[in-house]
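In this text, all values refer to a predicted model and were calculated from it rather than measured experimentally.
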Amino acid sequence: YIATNAHVVSAADRLQITFADGATHEAEVIGRDNLRDLAVIKIEPEKPLKPIRMGRSDDLIIGEPVLAIGNPVGLQNTLTTGVVSALHRELNLNGQVMYRDVVQTDASINPGNSGGPLLNILGELIGINTAIRADAQNIGFAIPVDQLRDFLPEILDPEKLNHVQLGMRVGNGNPARVTFVRED
């Protein structure tokens with residue numbers, strides 16, 4: 001499972017993940033939350049992947065060093081550095097989209113960085129890069145990892161993943177019987 005932004009996957013007809021070593025994998029959207037701009041996608045890798053450790057965003061401090069990873073303007077595997085510039089920002093984009101409680105950073109985040117990790121100095125995930133202010137330089141925003149941590153149990157719930165429905169069907173003149181239906 002891979003965490004990214006909802007706006008990254010929302011208009012995609014087909015998703016393909018490319019790793020730093022050039023390996024590509026078809027991906028499917030497991031679920032998304034447009035209000036938090038978070039999504040989870042799934043791939044079937046040939047070998048186990050090493051996940052990024054999740055840090056915490058509730059203990060971030062202004063001035064803390066951060067690293068942003070992404071593919072800005074098509075330049076794959078770009079790493080930029082900066083600091084946490086502000087916490088608990090509200091970001092209003094075009095008067096239509098409002099992201100609440102985001103982390104502001106001066107690490108360069110550009111178009112193409114969306115969905116990439118914002119890491120602390122220990123290499124732990126502290127946010128998902130999500131947006132920039134087009135009218136400003138070096139002001140980027142990330143969804144705090146604690147919002148992702150809250151979202152994951154909702155979206156990775158086995159009942160939702162397997163689309164299991166339990167119900168009862170009653171036929172004319174037939175005794176009621178319980179039927180288990182599995183819809184994939």
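A salt bridge is absent between E28 and R14; no separation between the charged side-chain nitrogens and carboxylate oxygens falls under 4.0 Å.
When every heavy atom of S57 is checked against every heavy atom of P144, the shortest pair comes out as OG-CB, 3.3 Å. For the pair D146 and R56, the tightest heavy-atom approach, listed with the atom from each and the gap, is OD1-CA, 3.8 Å. When all heavy atoms of E64 and D59 are compared, the closest pair comes out as OE1-O, 4.3 Å. Minimum interatomic distance between E124 and I52 (heavy atoms only, all atoms of both residues): C-CG2, 4.4 Å. Nearest heavy atom pair, residue N129 against residue I69, reads ND2-O, 3.4 Å. What you find for G31 and I155 is that their closest heavy atoms are CA-CD1, 3.3 Å.
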Indicate every side-chain donor-acceptor pair of residues 106-117 with a distance under 3.5 Å to a residue at least two apart or in another chain.
unit_1, atom_1, unit_2, atom_2, d
D106, OD1, V83, N, 2.7
N113, OD1, N110, N, 3.1
S114, OG, H7, NE2, 3.0
S114, OG, T130, O, 3.3

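The side-chain contact (heavy atoms from CB on, under 4.5 Å) test applied to P45 returns H25, I43, L49, not counting sequence neighbours.
Within a 6.0 Å radius of CG in D21, more than 12 heavy atoms belonging to other residues, nucleotides or ligands are found. Annotation for R149: atom CZ counts as buried by contact number, over 12 foreign heavy atoms lying within 6.0 Å.
To the nearest 0.5 Å, atoms CD (E26) and CD1 (I17) are separated by 9.0 Å. The CD1 atom of I132 sits 10.5 Å away from atom CG of L91, with the distance rounded to the nearest 0.5 Å. Put simply, CG on D101 and NE2 on H88 are 5.5 Å apart, with the number rounded to the nearest 0.5 Å. How far CD of Q104 is from CD1 of I62: 9.0 Å, rounded to the nearest 0.5 Å.
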Could you give me the CA-CA distance, side-chain angles and deciding distance for L60 and L87, then say whether side-chain contact (heavy atoms from CB on, under 4.5 Å) is met? CA-CA 8 Å; L60 293 175; L87 298 167; 3.9 Å; yes

Please step through salt bridge (charged side-chain N to carboxylate O under 4.0 Å, His left out) for the pair E154 and R36, ending with a clear verdict. CA-CA 13 Å; E154 295 172 25; R36 289 184 271 198; 3.0 Å; yes

Hey, mind stepping through I41 and R32 against side-chain contact (heavy atoms from CB on, under 4.5 Å) and telling me if it holds? CA-CA 9 Å; I41 58 178; R32 67 176 191 243; over 6 Å; no

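Linking Ile, Leu, Val, Met, Phe, Trp and Tyr whenever their side-chain heavy atoms come within less than 4.5 Å puts I128 and Y1 in one cluster. I126 and L119 sit in two unconnected hydrophobic clusters of ILVMFWY residues. Membership requires side-chain heavy atoms under 4.5 Å apart, directly or through other members. Clustering ILVMFWY residues whenever any of their side-chain heavy atoms sit less than 4.5 angstrom apart, transitively, puts V9 in a cluster other than the one holding L38. I2 and L152 sit in two unconnected hydrophobic clusters of ILVMFWY residues. Membership requires side-chain heavy atoms under 4.5 Å apart, directly or through other members. No chain of hydrophobic side-chain contacts below 4.5 Å, direct or via other Ile, Leu, Val, Met, Phe, Trp or Tyr residues, connects F141 to V84.
Two residues are said to be in side-chain contact when any heavy atoms from C-beta on lie closer than 4.5 Å; L156 and V40 meet this criterion. In this structure, N71 and T78 have side chains that are not in contact, with every pair of non-hydrogen atoms separated by 4.5 Å or more. In this structure the side chain of I143 reaches within 4.5 angstrom of the side chain of V102, judged on heavy atoms.
A distance-only check finds no donor-acceptor pair linking the side chain of N5 to the backbone of V8 [under 3.5 Å]. The backbone N or O of A6 sits nowhere less than 3.5 Å from a side-chain atom of N34 that would complete a donor-acceptor pair.
Sorted by first then second residue, the salt bridge (charged side-chain N to carboxylate O under 4.0 Å, His left out) pairs that include residues 66-91, not counting sequence neighbours, are E90-R100.
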